[in-house]
Every structure is written in C-alpha cells, then in structure tokens.
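From a predicted model like this one, the values you see are computed outputs, not experimental measurements.
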Amino acid sequence: CLERGDLGCLELAYDVIRHLGGEIDHVGLSRVDVCLDMPGEGMGVFAAAASEGRYVSRLSNHRGWDSGGRTVLFGKLPLQLAVYDKIAEVRAKLNPRQLELMKARRWNGEMPAQAVRVEFRIGRAKFREMGIDTPDDFYRKRRVFLDYLCQDWFRFTADSVDRQNTTRAVTLPLWADVHDAFAAWAGAANGEVLEPLPKGPVDVTNLLKSGYGLLRAIGRAQGREVVAYDDYCAWV
C-alpha cells in the first residue's frame, strides 16, 4: 500500500487474477482500514481525552483501552477506532524498507520526533449497514461515510461531556483537524446517502451439502442406506 497506494494495489490484484487466466465476476469489500498519519503529533492529547472521558460516541459501552500510552482503542469490529504511536510500531517491526517508505510517503520526507496514526477499521457488516458493497461504492460514498465516522459515530471533545446533552460538547480542535484531513482526501460530498443494502435471497447450497454429508455418515454408522441427494434436498 505504501508503494502503490490503495488504487494501485487494487489494480495489481485484478492484474494477477487476469494473468492467471481468471475472470472477475464480482468484487466485494470485507475489510478496509482508512487511516491518517500525523507527523509531529504525539499521543498526549488523544490519550488525555480518552482517559478523561472527553469524547462523544455511538458506542453502547463508552470505554477506551490504553496500552502503555501507545494505543487508544474504541469499539470493536465491524467498526473500531484506533489512535496509536506509529513510530513505535514501525520501529518494532525492524523493517528498513517500511521505515523509508513511511518517511517518504507519510512523514514529509523526514524522521519526525513523534507521529500518531488515526485509523478506522471497518468490517463488512458495517459496510452493508451503510450501503457499501464494492470498492466503487466505497470510493463514491467515502466522503459522507467519513463525515459520519468523524462527526456522528465518534468525536473527541475539548472539555468534559454532559451525557444528558452531548450536543453541547465542543469538538476537540485536533479532532477537527483529523476530520478536515480525511475530508480533503475524500473530496467534496456528492449527495450520496448511507442506507442499508437490500437483503437478497440466502444461498443454502453449501449447508445442504454439509447436511447430506452428515446424513450419509449417520447411515454408514448404522449400516443403513441413505436417500439420493435430490430426494434429500426435496425433503428439506
């Protein structure tokens, strides 16, 4: 991803499939980690806001997890926010190539004294809830989706929060910067709406085959014959 970018990696995956003689019938998203690197910014402001409960979210359980001051986590998949010390992570991997690419592509060509990454980790269940099925859907709806993530789903606040009236809580200026940066990458809103994908018919073919396999195993164990697969499917 650092070398080719997101779209470059996507095209590479398509090229590999075609090179092997395959055809692309359907493309679906199962996971996306959309992130913002902030060279020069440390964990201090984010960690303090998390530990002091200065945030508003749609999480049913308002908890943040702090790992030695290097990571703050909110939520769990299919939607999770992670803010962490990216320099510490890169150094721990002992990968010189990754370090050079981070400096060149994410840290403005220099080795910063500190740098955090703000990352939303999104699974397929959340994408379906937001009406996103394919990569094209994601790129078309990414601005409205990121607005939802940074404003409606979660935001850090400048002061303590009145849980009875969270709308009064002023957004932390640094979090406003995060939202602005994501918005600059996503581009202008285009009127897209986030609404759940329609529920289609459920394919039970594999379940039927598994059930028939179990039925045959039972028949063998009891020394009895088992009906043909078509008869079994008709009975089910």
Side-chain angles (χ1 to χ4, degrees), residues 1-18 22 24-39 41 46 55 57-60 64-65 67 70-86 89-90 93 95 98 101-102 105-107 115-156 175-200:
C1 283
L2 284 172
E3 290 182 344
R4 295 174 176 267
D6 48 347
L7 291 175
C9 287
L10 189 61
E11 286 304 318
L12 177 62
Y14 295 161
D15 288 343
V16 169
I17 292 170
R18 297 186 185 104
I24 299 171
D25 179 66
H26 177 75
V27 180
L29 284 181
S30 60
R31 170 80 178 262
V32 169
D33 294 350
V34 57
C35 63
L36 170 69
D37 286 302
M38 307 180 73
E41 188 63 53
F46 294 108
Y55 54 84
S57 83
R58 293 196 176 189
L59 293 166
S60 57
W65 292 265
S67 175
R70 292 184 175 181
T71 302
V72 173
L73 292 174
F74 287 93
K76 58 183 179 180
L77 287 174
L79 183 54
Q80 183 180 62
L81 168 66
V83 183
Y84 57 98
D85 184 338
K86 187 62 179 178
E89 186 207 51
V90 171
K93 290 183 177 179
N95 185 331
Q98 183 189 20
L101 283 169
M102 284 298 300
R105 303 290 176 86
R106 300 300 181 92
W107 294 337
V116 299
R117 171 170 285 188
V118 178
E119 182 173 281
F120 289 102
R121 300 164 180 171
I122 311 141
R124 182 159 182 80
K126 191 63 182 182
F127 282 133
R128 290 191 61 84
E129 183 184 326
M130 298 288 106
I132 296 172
D133 182 34
T134 68
D136 287 343
D137 291 339
F138 173 74
Y139 285 109
R140 191 175 66 255
K141 296 185 177 184
R142 63 182 177 178
R143 173 55 191 271
V144 65
F145 188 39
L146 285 165
D147 287 347
Y148 162 78
L149 293 178
C150 293
Q151 294 179 316
D152 298 331
W153 184 73
F154 188 95
R155 63 186 176 95
F156 283 110
W175 188 252
D177 293 340
V178 168
H179 179 219
D180 289 344
F182 274 126
W185 170 74
N190 55 10
E192 291 287 348
V193 177
L194 300 175
E195 53 188 14
L197 292 172
K199 293 183 179 180

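- In this structure, CG on Leu194 lies 6.0 Å from CD1 on Ile132, to the nearest 0.5 angstrom.
- How far OG1 of Thr71 is from CZ of Arg117: 12.0 Å, rounded to the nearest 0.5 Å.
- Asn190 places a side-chain N or O within donor-acceptor distance of the main-chain N or O of Arg140, the cut-off being under 3.5 Å.
- The line from CG of Leu7 to CG of Leu12 is 12.5 Å long, rounded to the nearest 0.5 Å.
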Could you go through Leu149 and Phe182, starting from their C-alpha distance and side-chain angles, then the distance that decides it, and tell me whether this counts as side-chain contact (heavy atoms from CB on, under 4.5 Å)?
CA-CA 10 Å; Leu149 293 178; Phe182 274 126; over 6 Å; no

- [ ] Check the pair His179, Asp147 against side-chain contact (heavy atoms from CB on, under 4.5 Å), reporting the backbone distance first and the verdict last.
- [x] CA-CA 7 Å; His179 179 219; Asp147 287 347; 2.7 Å; yes

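- A distance-only check finds a donor-acceptor pair linking the side chain of Asp137 to the backbone of Thr134 [under 3.5 Å].
- Remark: side-chain polar atoms of Arg105 are paired, donor with acceptor, to backbone N or O of Leu2 under 3.5 angstrom.
- Checked by atom type and distance alone, the side chain of Lys86 never pairs as donor or acceptor with a backbone atom of Asp37 at under 3.5 Å.
- By the 4.5 Å heavy-atom criterion applied to side chains, Arg31 and Arg124 are not counted as neighbours.
- Proximity of a side-chain donor or acceptor of Arg121 to a complementary backbone N or O of Leu79 within less than 3.5 Å is not detected.
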**Asked** Between Asp33 and Phe120, does a side-chain contact (heavy atoms from CB on, under 4.5 Å) hold up when you go through it step by step?
**Response** CA-CA 6 Å; Asp33 294 350; Phe120 289 102; over 6 Å; no

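- The backbone N or O of Cys150 lies less than 3.5 Å from a partner atom in the side chain of Trp175, making a donor-acceptor pair.
- Residues Val116 and Leu36 fail the side-chain proximity criterion, which asks for heavy atoms closer than 4.5 Å.
- Nearest heavy atom pair, residue Leu73 against residue Ala82, reads CD2-CB, 3.3 Å.
- When all heavy atoms of Ala183 and Arg143 are compared, the closest pair comes out as CB-CZ, 3.6 Å.
- For Pro39 against Ala115, the heavy-atom pair with the smallest separation is CA-CB, 3.8 Å.
- Here the side chains of Leu29 and Pro135 are in contact, with some heavy-atom distance below 4.5 Å.
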**Report entry** Trace of the side-chain contact (heavy atoms from CB on, under 4.5 Å) decision for Asp133 with Phe138
**Finding:** CA-CA 8 Å; Asp133 182 34; Phe138 173 74; over 6 Å; no

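- Between Glu41 and Phe46 there is a side-chain heavy-atom pair separated by less than 4.5 Å.
- Two residues are said to be in side-chain contact when any heavy atoms from C-beta on lie closer than 4.5 Å; Phe127 and Ile122 meet this criterion.
- Using a 4.5 Å heavy-atom cutoff, the side chains of Leu81 and Glu119 are not in contact.
- Between Gln98 and Met102, the closest side-chain pair of non-hydrogen atoms falls below 4.5 Å.
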Please evaluate residues Tyr55 and Phe74 with respect to the criterion ring-ring contact (aromatic ring centres under 6.0 Å, His included), reporting the C-alpha separation (whole Å), side-chain torsions for both, the decisive distance (0.1 Å), and the verdict. CA-CA 10 Å; Tyr55 54 84; Phe74 287 93; 4.6 Å; yes

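- Atoms CZ and CD, on Arg70 and Glu89 in that order, are 11.0 Å from each other to the nearest 0.5 Å.
- Aromatic ring orientation, Phe156 versus Phe154: perpendicular (interplanar angle above 60°, classes split at 30° and 60°).
- When side chains are defined from C-beta on, Met38 does not count as touching Arg106, because their heavy atoms never get closer than 4.5 Å.
- Note that the CZ atom of Arg4 and the CD atom of Glu11 stand 10.5 Å from one another [nearest 0.5 Å].
- Judged by the 6.0 Å distance and 45° axis criteria, Arg142 is positioned over the aromatic ring of Trp185.
- In terms of modelled atom types and a separation under 3.5 Å, the side chain of Gln80 and the main chain of Gly75 share a donor-acceptor contact.
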